[in-house]
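The analysis underlying the following values was restricted to heavy atoms, covering all of them including side chains, and did not include hydrogens, waters or symmetry mates.
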Amino acid sequence: MGVVCFRARRSGLEPAALDRLDQELLEAIHRTGEVFLSHTRLLDRFTLRMALGGLRTISWDGEVCWELLLAPLRRSAGRPAADS
């Protein structure tokens with residue numbers, strides 16, 4: 001099974017603040033009920049994980065997850081939730 005580990009990037013944030021941001025993103029994703037992500041700690045940093053190799057995983061799953069992750073980041077940066 002393929003697992004992708006990733007973190008948000010936001011210039012100017014200290015590592016602990018990025019950990020909190022990633023944890024908030026994970027909680028926001030879970031509240032939607034549309035996709036499930038897990039987490040781990042890599043090099044002592046909170047890291048999001050998405051499994052991509054399941055039998056029922058399709059490309060749409062990754063696309064939905066990506067948009068769900070980007071929406072709160074765009075809002076917090078003062079940008080629209082979707083690209084025009």
Side-chain angles (χ1 to χ4, degrees):
M1 174 167 32
V3 175
V4 177
C5 295
F6 55 95
R7 291 175 45 86
R9 286 188 347 190
R10 184 66 54 93
S11 61
L13 285 184
E14 297 293 323
L18 282 172
D19 284 352
R20 286 190 300 277
L21 174 61
D22 284 324
Q23 191 163 6
E24 290 168 7
L25 287 172
L26 180 66
E27 292 166 3
I29 289 282
H30 287 172
R31 280 193 300 273
T32 71
E34 292 189 52
V35 296
F36 178 79
L37 296 179
S38 61
H39 70 281
T40 190
R41 293 193 77 81
L42 294 175
L43 301 174
D44 201 34
R45 295 291 167 226
F46 190 91
T47 305
L48 301 171
R49 295 190 302 189
M50 180 178 185
L52 298 170
L55 291 175
R56 295 188 176 152
T57 301
I58 58 175
S59 63
W60 177 86
D61 296 324
E63 294 166 15
V64 167
C65 182
W66 184 247
E67 287 304 316
L68 289 170
L69 285 165
L70 288 180
L73 291 172
R74 288 177 176 142
R75 281 192 301 274
S76 69
R79 297 193 335 227
D83 291 332
S84 341

Review point. Do Leu48 and Ile29 come close enough that some side-chain heavy atom pair is under 4.5 Å?
Key: no
Point to revise | Heavy-atom side-chain contact between Leu69 and Leu37 under 4.5 Å | key: yes
Point-to-point distance, once rounded to the nearest 0.5 Å, from [atom1] of [X] to [atom2] of [Y]:
X	Y	atom1	atom2	answer
Leu68	His30	CG	NE2	11.0 Å
Met50	Cys5	CE	SG	12.5 Å
Glu24	Phe46	CD	CZ	10.0 Å
Arg31	Leu26	CZ	CG	10.0 Å

Check for a donor-acceptor pair, side chain of [X] on one end and backbone N or O of [Y] on the other, with a separation under 3.5 Å.
X	Y	answer
Arg41	Asp44	yes
Thr47	Arg45	yes
His39	Arg49	no
Asp22	Arg7	no

Check your understanding: Taking only residues two or more places apart in sequence, or in another chain, which ones meet Phe6 in a ring pair (Phe, Tyr, Trp, His ring centres under 6.0 Å)?
Key -> none
Review point. Do Phe36 and Leu25 belong together in a cluster built from hydrophobic side chains that touch within less than 4.5 Å?
Key: no
Exercise for review: Mind running side chain to side chain contact (heavy atoms under 4.5 Å, CB included) on Leu18 and Arg9 for me, showing each step along the way?
Suggested key: CA-CA 7 Å; Leu18 282 172; Arg9 286 188 347 190; 5.9 Å; no
Point to revise | Greater than 12 external heavy atoms within 6.0 Å of Glu27's CD | key: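 Above 12, so yes.
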